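Okay, structure first, notes after.
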Amino acid sequence: MKIKVLPDEIASQIAAGEVIERPASVVKELIENSLDAGADQIEITIREAGRRLIEIADNGSGIPAGDLPLTVTRHATSKLSTAEDLVRIETLGFRGEALASISSVSQMTITSRHEEEEIGSRIEIAAGEVGAQEEIGTPAGTIIRVANLFYNVPARLKFLKTDRTERRHIKETVVRYALAYPGVRFTLTIDDQLSFQTTGSGEPREVLVAVYGLDVGKKMISVLAKEDGVEIRGFISPPGLTRSNRKEILFYINRRPVQDIALTKALTRAYHTMLMKGRYPLAVLFLEMEPEQVDVNVHPTKAEVRFQNKSQVFRAVERAVRRALLANTPVPEIGSPQGQRLWGGSSAARRSSLSAPSGGHTWSQVDPGGISAGDESVKMGGPQSPLEELSSPILRLVGQVAATYLIAEGPDGLYLIDQHAAHERVLFEKFRGKRGNQITSQNLLEPVSVEFSPAAAELLEEKLPLLKEIGFDVEPFGMNTFVVRAVPVLVADTDPRKALRAVVEDLEEDETPLEKNWEEKIIARICKQAAVKAGRVLAPEEQKALLTDLESCQSPRTCPHGRPTMIHLSVDLLERKFGRTGPR
Ligand code: ADP
Ligand code: MG
């Protein structure tokens with residue numbers, strides 16, 4: 001084959017593939033343009049998850065009529081003119097690619113009036129073909145309408161996820177910029193419903209509250225520090241306010257959202273012993289430095305950056321966060337009635353739930369809500385059910401160590417049992433066995449309302465029917481807010497807000513597991529929350545009950561998350577360790 005230079009249309013489509021992956025990428029590029037144009041009002045309208053329509057109207061500087069067709073020409077930009085400019089980028093855009101790319105894979109209309117011109121103008125572009133330009137009366141600013149995204153790239157369309165997922169990405173994008181630009185009034189309307197809005201008052205904490213709700217917004221600790229030419233400001237969560245994933249750790253460099261694993265690491269290191277394993281803080285941190293100090297031209301989406309002096313930046317972040325944390329201890333969460341409840345304040349309830357009543361052993365012994373008390377149908381006797389290969393050996397309890405592990409003797413040596421993991425397994429199998437034929441739900445005395453970030457709210461709404469099956473009665477209650485009326489009995493004695501948040505965090509972690517996995521995952525999460533914690537002294541009867549329960553589990557050797565519940569030290573191993581037998 002001969003070498004040919006690709007026609008412009010195809011070249012644009014290829015370039016579009018790099019920058020425009022999904023509707024949210026369009027939203028990102030258009031918001032950046034509006035911000036670069038100095039807008040302080042940005043209205044985003046979405047239809048059908050952005051497949052049908054993405055429209056952004058701003059009150060920025062507008063585009064001079066003579067420049068209008070140039071906006072969709074590749075490498076045409078008003079933000080950069082010399083190579084030297086490239087080392088001092090102060091705008092969000094600079095590649096002159098976004099509009100060309102988007103217009104090559106959609107039907108686009110640009111309506112704009114430059115602030116110094118009397119009359120506005122409009123052009124339509126379909127699949128990269130620019131139509132005739134017409135004059136039109138319009139307020140100063142720009143309206144960009146992107147219809148039928150990817151209509152001419154079926155392969156792309158096929159790769160889009162469900163509407164909910166695409167909407168969630170859009171919300172995340174809008175939120176990310178809203179957090180960085182509190183002086184800009186953002187309005188996001190999805191299918192004619194107001195989905196998210198900021199006031200544009202310029203007050204950062206107000207945006208925080210709009211995004212995360214009042215209780216989280218109020219608790220966030222502010223950070224402000226300057227060191228080695230790096231200014232760091234923003235918010236971090238107190239150690240008691242965490243998530244199970246890194247999704248709410250947001251970094252910006254010169255107000256540009258970035259993704260950088262090392263920055264996240266610097267942040268979590270600053271918390272070091274304050275966080276439990278597998279928990280992450282929330283953070284919205286803005287790093288300001290001289291534009292020369294950082295190269296943003298690493299990747300087409302500009303999400304990755306390169307620092308001139310990496311370790312210096314990370315050190316500055318770690319110190320700034322550490323200082324803010326120390327200045328804010330003691331942490332308000334600890335000792336509050338809510339905190340106590342979560343961290344095992346209800347030990348009396350748990351204690352009674354774990355102790356074995358005289359007589360036969362039933363599942364109800366580990367049921368904090370006691371709903372199955374007297375339920376003979378779920379009675380399980382340890383010895384009479386045949387134990388399979390992977391099942392637990394019959395164990396003789398020796399005792400508890402470090403308020404965390406049980407020691408037991410089995411037919412072939414010693415067993416160390418993690419009380420938390422073991423209880424998780426027990427609750428999990430019990431819960432699963434019950435579903436469908438038992439009432440697993442407990443009404444709250446007073447319904448509580450919980451506010452989520454717009455993206456999390458989208459996710460939760462999608463999974464409401466599933467949550468209902470598991471015992472949560474949750475209903476949408478206004479913008480990004482839900483009211484909880486009932487919770488699964490297993491978590492009846494924990495804070496319902498925390499229980500629901502925990503579930504949503506799990507949903508956030510993985511986007512596309514099978515429906516069946518969701519259910520197992522959520523149940524596993526609920527059991528984790530309800531299970532007896534490490535560090536709690538158990539009465540001998542409680543220890544014994546836990547062992548018996550574990551013995552009768554189908555898969556006693558791992559917790560629902562796959563971690564081991566027990567470690568076996570065989571007699572053989574012990575003998576070798578004590579030098580009674582030689583190495584093989
Ligand atoms: P870049 O932002 O990298 O310059 P784009 O393709 O996103 O490239 O935009 C091309 C040009 O169109 C911009 O440089 C700017 O001059 C103009 N433009 C785009 N959107 C707007 C807007 N909302 N307001 C004013 N000018 C805009
Ligand atoms: Mg741009």
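In listed order, ligands and their atoms are each counted from 1. The figures that follow rest on heavy atoms only: side chains count, while hydrogens, waters and symmetry mates do not. Quantities reported herein were computed from a predicted structural model and do not represent experimental measurements. Heads up: numbering here begins at 1 and tracks the sequence.
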How does L70 reach ligand 1, by side chain, by backbone, by both or by neither, if only non-hydrogen atoms under 4.0 Å count?
neither
Does NZ or CZ of R279 lie under 6.0 Å from the centre of the six-membered ring of Y271, at an angle within 45° of the ring axis?
no
F150 six-ring face occupied by R51 cation (under 6.0 Å, within 45°)
no
For E135, I'd like to know if atom CD has over 12 heavy atoms of other residues, nucleotides or ligands within 6.0 Å.
no
Measure from the side-chain N and O atoms of D40 to the backbone N and O of G200, and report whether any donor-acceptor pair falls under 3.5 Å.
no
What about the rings of F286 and Y252, do their centers lie closer together than 6.0 Å?
yes
Any atoms of ligand 1 less than 4.0 Å from a non-hydrogen atom of T142? List them with their elements.
22 (C), 23 (N), 24 (N), 25 (C)
Does ligand 1 have any atom that is closer than 4.0 Å to a heavy atom of A76?
yes
A37: numbered ligand 1 atoms lying under 4.0 Å from its heavy atoms
24 (N), 25 (C)
If I take every N, O or S atom of T77, is at least one of them less than 2.8 Å from the Mg ion (ligand 2)?
no
Do any heavy atoms of K79 fall under 4.0 Å from ligand 1?
yes
If the cut-off is 4.0 Å to any non-hydrogen atom of G93, which atoms of ligand 1 fall inside it?
2 (O), 3 (O)
Supply the atom-to-atom distance I110 CD1 to I123 CD1, rounded to the nearest 0.5 angstrom.
4.5 Å
Sole residue of I236, I253, L263 in side chain to side chain contact (heavy atoms under 4.5 Å, CB included) with L285
I236
Would D36 count as being in polar contact with ligand 1, using the rule that some N or O on each side must be under 3.5 angstrom apart?
no
For ligand 1 and S61, I'd like to know whether there is a polar contact (N/O to N/O, distance under 3.5 Å).
no
I'd like to know if G60 contacts ligand 1, where contact means a heavy-atom distance under 4.0 Å to any ligand atom.
no
E505 side chain vs S244 backbone, donor-acceptor pair below 3.5 Å:
yes
Using heavy-atom distances, let me know which of I102, D67, T77, N33 sits nearest atom 5 (P) of ligand 1.
N33
Under 4.0 Å from a heavy atom of E97: give me the atoms of ligand 1 that qualify, with their elements.
6 (O), 8 (O)
Would you say CD of E292 has more than 12 non-hydrogen atoms from neighbouring residues, nucleotides or ligands within 6.0 angstrom?
yes
If we only count N/O pairs under 3.5 Å, is I63 in contact with ligand 1?
no
With respect to I144, determine whether any N or O atom, backbone or side chain, lies less than 3.5 Å from an N or O atom of ligand 1.
no
